[in-house]
Chemist: 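Sending over a structure as structure tokens; questions will come in a sec.
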Amino acid sequence: MTRVLYARPIKESLHLNLKSTVQKLKSNGVTPWLRVALVGDDPASQIYTKNKKKFIEGLGGKCDIVHIEEDITEQSFKAKIKSLSSEKGVHGFLIQLPLPKQLSHLDVGNLIPPSLDVDGLNSLNMGELLKGDMKGNFSCACTPKGIVTLLDYYDIPISGKNICIIGRSLIVGKPLSALLTNRSGTVTLCHSKTENLQYHTSNADIIIVAIGSPKFLKTHHLNPSKNQTIIDVGINKSKEGKLFGDVDFENVKESVAAITPVPGGVGPLTILSLAQNLLQAAEKTL
Ligand code: NAD
């Protein structure tokens, strides 16, 4: 029987812990404060930032969303980010992606001081991840961190397992490959130039798909004799507004041991990781 790996029980089980950490911080005079820079009025970004604010405030923390005009110049944008992120009392700062065209080439992680970089995109935090700091004294990219939380919660072993990641983005595939390597997984990082993808997916114990292509992964990629676990990171919206992952859930579900749904799988854990990174940053100021 296929196990469907929902985020909800994980969120419920960790919520109390996070809340009590916030209470401890507050009793020491520190209210964890996340500041989000939102450029323009992209509807999806507005929803994502609102959800982040709701979650942080639900824990008892503070979150402000700073709206920046869509046509801001690069120079003014950099100056604005510098001033917003240097305000006393801010523990975490993030720039909501995507950015408008004139800013899209910017290395956003490095516009933010490493101590406030709760998205784990600053070169220093990325470097700590590569060095394999097992104590996690740095902010790790939120979606990869959420995926590891999910695998641990459902007791899906990582050490020694063949793990095939499809997609090599800086926010998911690359940091995830480092994180799982640090946990002694044997990681293969595939991408659009990979030859014979099926060879890699069929040898994997865990397949993680993050490519932004609806229902891409199908049964012909799988090897049912391996009792595979499928983690679907993709969020794709149809014209009617329905959400689909990068995995053809209905097509593959009977051929695998475990699978995350979309929605309700990896997505909610990204915000959970963000809150964990924020609280860690706030604790460092005590
Ligand atoms: P991206 O869009 O920056 O890059 C896509 C990657 O997929 C590239 O590395 C490319 O080489 C690879 N790729 C594309 N087509 C491929 C193919 N046919 N075969 C093999 N590799 C292929 O990636 P991203 O920003 O990581 O986003 C990927 C998906 O994950 C999107 O749907 C995005 O919305 C979703 N996402 C979800 C969360 C979450 O919280 N659940 C977080 C981040 C991204």
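Along the sequence shown, residues are numbered consecutively beginning with 1. All figures in this text were calculated on a predicted structure; none of them were measured in a lab. We count ligands from 1, going down the list as the structure has it; atoms in each ligand are counted the same way.
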Chemist: With hydrogens left out, which residues have an atom under 4.0 Å from ligand 1, given that only heavy atoms count?
Modeler: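 The 4.0 Å shell around ligand 1 contains T143, I166, G167, R168, S169, I171, V172, H191, S192, A210, I211, G212, F216, V233, G234, I235, N236, V266, G267, T270.
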
Chemist: Tell me if the OH atom of Y154 is crowded by more than 12 foreign heavy atoms within 6.0 Å.
Modeler: yes

Chemist: May I ask whether V108 and L34 are part of the same hydrophobic cluster, defined by side-chain heavy atoms of I, L, V, M, F, W, Y residues being less than 4.5 angstrom apart, directly or through others?
Modeler: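 No; tracing contacts between hydrophobic side chains, which count when under 4.5 Å, never links both residues.
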
Chemist: Donor-acceptor pairs are to be reported for all side-chain atoms of residues 57-66 against protein atoms at under 3.5 Å, with residues two or more places apart or in another chain.
Modeler:
{"residue": "E57", "atom": "OE2", "partner": "K53", "partner atom": "NZ", "Å": "2.8"}
{"residue": "D64", "atom": "OD1", "partner": "W33", "partner atom": "NE1", "Å": "3.0"}
{"residue": "D64", "atom": "OD1", "partner": "R35", "partner atom": "NE", "Å": "3.4"}
{"residue": "D64", "atom": "OD2", "partner": "R35", "partner atom": "NE", "Å": "3.1"}
{"residue": "D64", "atom": "OD2", "partner": "R35", "partner atom": "NH2", "Å": "3.0"}

Chemist: Please answer whether the main-chain N or O of V247 pairs with a side-chain N or O of D232 as donor and acceptor at a distance below 3.5 Å.
Modeler: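 Side chain of D232 to backbone of V247, a donor-acceptor pair under 3.5 Å: yes, one is there.
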
Chemist: Sub-3.5 Å donor-acceptor pair from the side chain of Q102 to the main-chain atoms of E70, do we have one?
Modeler: yes

Chemist: Which residue in the set L116, L111, V118 passes side-chain contact (heavy atoms from CB on, under 4.5 Å) when paired with F93?
Modeler: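 Going through the options one by one, the only one that passes is L116.
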
